[in-house]
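Heavy atoms only: backbone and side chains are in, while hydrogens, waters and symmetry mates are out. By convention here, the first residue in the shown sequence is residue 1.
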Amino acid sequence: MRYINQPIRKKDAMELVQGKPLFLDDLARPDSLIVKLLRSPHANAMIEDIKLDTALKVPGIEAIYTYKDVPTNRFTLAGQTYPEPSPYDRQILDQHVRFVGDPVAIVAGETEEAVNKALKLIKVNYQVLPAILDFHTAKDNEILVHPEENWRSLAPVGADNKRNLCASDTDGQGDIDNVLSECDIVIDHVYHTKANQQAMMEPFGTACYIDAYGRLNVFSSTQIVFHARRIISNALGIPKSKIRVTKPRIGGGFGAKQTAVSEIYPAFVTWMTKKPSKIIFTREESQIASSPRHEMEVHVKVGAMKNGKIRGIDIYTLSNTGAYGEHGPTTVGLSGHKSIPLYRDLDAYRFTYDVVYTNVMSAGAYRGYGATQGIFAVESAVNELAMKLQMDPVKLRELNMVREGDTMPAYYGETANSCALDRCLNRAKEMIGWDEKFPCKDLGNGKVRSVGMSLAMQGSGISGVDVGSATIKMNDDGIYTLLFGAADMGTGCDTTLAQIAAECLCCDLDDITVLGADTDSSPYDSGSYASSTAYVTGKAVELACTKLIQQLKEYAAPILESDCETLEFDGKQIYNPTTNASISLVDIATSSMCGNSKALEVTVSHSSEVSPPPFMVGMVEIELDKETGAFDILDYVAVVDSGTPLNPNLVRVQTEGGLAQGIGMAMTEELQYSDKGMLRNNSFMQYKIPSRLDVGKIRVELESSYEQTGPFGAKSIGEIVINTPSPALAHAVANATGVWVRELPITSEKIIMGMLEQEKLS
């Protein structure tokens with residue numbers, strides 16, 4: 001292979017390192033109106049009166065809009081394929097505000113100073129209502145987060161706004177209660193993961209203008225240009241044909257920008273005023289009014305026999321969607337469907353869940369998308385099972401883990417046709433020195449060193465739903481333009497998709513010009529989420545290039561007086577190997593400009609009926625101080641099966657970044673609310689994301705399988721990489737202290753309190 005499985009430098013690498021103007025705020029029109037939002041100080045309230053008179057007199061203020069000025073139709077901000085599973089529960093502005101930070105008014109002005117002054121002069125009278133801040137009390141509470149009659153759910157997900165339910169369902173196979181009753185050992189615990197922020201470097205931002213044809217042009221830092229167009233259309237009540245959405249470079253997304261957090265506000269301003277506008281969230285706004293990970297409580301029962309055979313897994317997940325239902329019905333499913341299938345030949349399983357509304361910031365998509373929470377719970381329970389059995393957790397996994405060729409009933413009945421999990425486990429064990437270090441070593445100075453582990457799986461797109469498309473065309477100089485709708489948000493998909501095209505077309509990578517994510521020019525793509533881009537869109541690129549080669553042969557056949565089937569393509573020419581007749585691509589391109597009736601251009605849309613999971617093993621070594629409960633990561637090893645790595649360098653970087661995020665989730669990150677529903681950690685001073693110094697030594701290796709349905713055998717990499725740190729670190733702490741921390745983050749205080757509790761019991 002010339003380009004596939006090669007460490008190719010990213011196409012935009014030099015522009016990024018040189019600080020070229022690539023991002024939204026660099027490229028927004030300089031005459032844009034500045035748009036900002038007045039936000040609610042209350043967790044649950046009705047607006048009784050808003051006085052704008054004084055604010056409107058501020059020089060430079062263009063307009064101020066309240067709930068009285070906007071359409072009343074409801075919609076969802078979730079970037080999902082229509083009909084969205086997420087309920088239609090939002091308005092642009094609503095008289096009923098449902099969390100601290102909910103928008104109350106849109107202010108647009110010529111300068112930031114004018115807008116900030118006007119925001120302070122708006123006077124609002126609220127009727128403050130009781131709020132639901134504890135998600136355990138939300139279901140069937142007499143306080144309704146969404147009492148409105150025009151709330152609606154487009155999909156049968158078990159939603160009922162009169163019960164504060166965003167979604168509810170049960171799935172299973174076999175008689176789980178009977179199976180668990182027959183087991184020698186049942187681990188039965190509740191694991192609690194808190195909400196986390198994606199904390200991407202670039203905050204949310206959108207710029208808009210009206211073009212010469214009267215169309216609304218939306219330029220946004222988004223992962224979902226086509227979904228964003230539909231969301232704006234639904235919110236503003238204007239046809240999608242009047243809207244164009246494009247994206248610049250994205251300064252990080254991690255799922256946050258799969259929700260249209262910022263787009264509708266400047267879109268409304270520009271549509272109403274016909275003037276360009278932009279909104280750039282502050283870091284505080286990105287903290288208090290965005291789309292963080294769903295808080296989940298996962299009740300796990302794992303039943304096994306004394307020989308270590310796991311017979312049944314029972315999961316109940318309670319998920320907190322917050323004030324609105326974006327991604328609520330879909331994230332929760334992964335907590336069971338991408339954790340239970342890690343274990344084979346179960347006699348029974350059951351997976352039940354409720355997703356509830358509360359009066360905190362609405363949750364959304366974050367890397368791992370629910371699998372992260374479920375894997376923390378299930379892998380912790382399996383590690384607890386190993387300790388109870390006095391069995392090496394590696395041996396317990398070897399006895400029970402999914403292997404290539406296994407059918408996975410809890411993973412929608414799919415078969416693991418490409419699975420190197422066994423090789424990942426063996427390699428990780430060797431790298432960390434598991435046999436020498438498990439479970440722990442006392443250093444004799446109050447400190448211990450211990451190891452922990454976890455398995456993980458994810459998916460490659462949403463089977464039968466996600467669509468990836470690619471257009472490949474040959475230009476008049478014999479080189480190519482590749483167009484697609486996927487959004488490169490730092491993942492490098494512009495590069496990897498170009499690698500696929502260059503490999504197929506036997507050309508230099510520089511001969512592929514990439515244009516991405518423009519609803520006017522790109523073929524339809526669901527967007528960059530659900531670990532779909534390399535697998536789904538990448539396959540579309542491969543198929544499109546194959547079709548273009550066939551089209552070039554058909555074009556050359558009459559010129560070469562040959563049958564199309566006899567012709568060959570070598571990247572530079574079409575030739576007949578028997579007669580040696582040939583025509584170069586440059587000559588084909590030149591001749592196609594005169595008297596030709598067939599464009600040398602192909603568009604392919606692709607959707608997969610399966611979602612082959614990538615697999616991963618993570619192992620960690622820590623040093624823990626028993627006097628303080630504090631611990632440091634000494635070594636983290638990760639071995640990943642993502643099929644054929646399209647670009648090993650980018651796969652490694654994705655893995656390292658995901659591990660750092662997972663370590664932050666495990667050790668320091670959580671959204672904390674006051675008893676009034678106000679977010680306490682509204683900046684990076686309070687919300688602690690790990691630095692490079694905090695994550696210790698990270699080592700990544702790849703164990704490739706070959707996925708027949710993926711481009712050149714590839715599966716996904718984007719999400720799975722965040723899933724192993726939390727259970728592996730909890731396991732290491734337990735091996736060091738005997739304390740199982742079942743609520744994230746794992747803090748020194750929780751460890752010390754657990755050790756003190758152990759002393760009391762002993």
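- Side chain of T321 to backbone of Y324: a donor-acceptor contact under 3.5 angstrom is found.
- Taking CD1 of I375 as the reference point, atom CD1 of I340 lies at 11.5 Å (rounded to 0.5 Å).
- Every residue two or more places apart in sequence or in another chain was checked for a salt bridge (Lys or Arg N to Asp or Glu O under 4.0 Å) with K247, and none qualifies.
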**Prompt:** Under the side chain to side chain contact (heavy atoms under 4.5 Å, CB included) criterion, do V536 and D525 qualify, and how do the steps go?
**Reply:** CA-CA 9 Å; V536 180; D525 194 288; over 6 Å; no
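- Under the 3.5 Å distance criterion, the side-chain polar atoms of S531 are left unmatched by any main-chain donor or acceptor of I717.
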**Message:** Run D25 and K278 through salt bridge (Lys or Arg N to Asp or Glu O under 4.0 Å) and show every step you take.
**Reply:** CA-CA 9 Å; D25 207 18; K278 72 172 182 179; 2.6 Å; yes
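- Nearest heavy-atom pair across Y535 and S460 is CD2-O, 3.2 Å.
- At a cut-off of 3.5 Å, with distance as the only test, a side-chain donor of H327 or Y369 sits close to an acceptor on the other residue.
- One finds no salt bridge joining K11 and D494 here, because no Lys/Arg side-chain nitrogen approaches an Asp/Glu carboxylate oxygen to under 4.0 Å.
- Between S362 and E326, the side chains place a donor N or O and an acceptor N or O closer than 3.5 Å (distance only, hydrogens not considered).
- In this structure a side-chain-to-backbone donor-acceptor pair under 3.5 Å is missing from N723 to A456.
- Of the N and O atoms on the side chains of T76 and E84, not one donor lies less than 3.5 Å from an acceptor on the other residue.
- Figure legend: R249 and F23 shown without cation-pi pairing, the cationic atom not lying both under 6.0 angstrom from the six-membered ring centre and within 45 degrees of its axis.
- Between atom OG1 of residue T259 and atom CD1 of residue I224 there is a gap of 6.5 Å, rounded to the nearest 0.5 Å.
- S418 approaches E404 most closely through the heavy-atom pair CA-OE1, 3.4 Å.
- Between the side chain of Q197 and the backbone N or O of A199, no donor-acceptor pair lies under 3.5 Å.
- A donor-acceptor contact closer than 3.5 angstrom links the side chains of Q499 and N647.
- Side-chain N or O atoms of E601 include none that pairs as donor or acceptor with a backbone N or O of K473 at under 3.5 Å.
- Distance alone, capped at 3.5 Å, is enough to place a donor-acceptor pair between the Q373 side chain and the G370 backbone.
- Distance CG/L24 to OG1/T222: 11.0 Å, rounded to 0.5 Å.
- If you check the side chains of N475 and T481, you find a donor sitting under 3.5 Å from an acceptor.
- Judged by distance alone, the side chain of N681 and the main-chain N or O of E670 form a donor-acceptor pair under 3.5 Å.
- Classified by interplanar angle (parallel below 30°, tilted 30° to 60°, perpendicular above 60°), the ring pair H227/Y529 is tilted.
- Between L455 and E379 the shortest side-chain heavy-atom distance falls below 4.5 Å.
- The minimum heavy-atom distance linking P341 with G336 is given by the pair CD-O, 3.6 Å.
- Under 3.5 Å, the side chains of Q654 and T491 contain no donor-acceptor pair of N or O atoms.
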**Request:** For side chain to side chain contact (heavy atoms under 4.5 Å, CB included), just list the numbers for D641 and L421, CA-CA rounded to whole Å, side-chain angles, deciding distance to a tenth of an Å, and then say yes or no.
**Result:** CA-CA 7 Å; D641 162 24; L421 187 58; over 6 Å; no
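- Residues S605 and S469 bring a donor and an acceptor atom of their side chains to less than 3.5 Å of each other.
- Atom OG of S642 is separated from atom CE of M616 by 10.5 Å, given to the nearest 0.5 angstrom.
- With contacts defined as side-chain heavy-atom distances shorter than 4.5 Å, the pair I4/T644 qualifies.
- Y412 and H337 have tilted rings, their planes meeting at an angle from 30° to 60° on a 0 to 90° scale.
- Using modelled atom types, one finds no donor on one side chain facing an acceptor on the other under 3.5 Å when comparing T193 with E295.
- Salt bridge present: D508 and R2 bring a charged side-chain N and a carboxylate O closer than 4.0 Å.
- Of the possible polar contacts, one joining the R652 side chain to the V700 backbone as a donor-acceptor pair under 3.5 Å is found.
- In terms of modelled atom types and a separation under 3.5 Å, the side chain of S220 and the main chain of G205 share a donor-acceptor contact.
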**Request:** Show your working on side chain to side chain contact (heavy atoms under 4.5 Å, CB included) between S86 and Q80 and close with a plain yes or no.
**Result:** CA-CA 8 Å; S86 299; Q80 298 173 317; 2.7 Å; yes
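- Under 3.5 Å, the side chains of Y411 and S611 contain a donor-acceptor pair of N or O atoms.
- A donor-acceptor contact closer than 3.5 angstrom links the side chains of T317 and S335.
- The shortest non-hydrogen separation linking R367 to T372 is O-OG1, 3.5 Å.
- Here the CD1-OG1 distance, from I663 to T668, works out to 10.0 Å after rounding to the nearest 0.5 Å.
- In this structure a side-chain-to-backbone donor-acceptor pair under 3.5 Å is present from E285 to T282.
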**Asked** Given the rule in the side chain to side chain contact (heavy atoms under 4.5 Å, CB included) test, do M296 and N320 qualify, once you have shown the distances and angles that lead to the verdict?
**Response** CA-CA 6 Å; M296 291 188 189; N320 183 1; over 6 Å; no
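- Checked against F484 for a side chain to side chain contact (heavy atoms under 4.5 Å, CB included), the options I472, L515, T471, L497 give a single hit: L497.
- The residues E703 and R423 are annotated as salt-bridged, a charged nitrogen and a carboxylate oxygen being separated by less than 4.0 angstrom.
- Within the model, atoms CG of D511 and CE of M474 stand 11.5 Å from one another, a figure rounded to the nearest 0.5 Å.
- The only option from E263, Q198, E202 that meets the side chain to side chain donor-acceptor pair (under 3.5 Å) definition with K257 turns out to be E202.
- Under 4.0 Å is where a charged nitrogen must lie from a carboxylate oxygen, and between D694 and K688 no such pair does.
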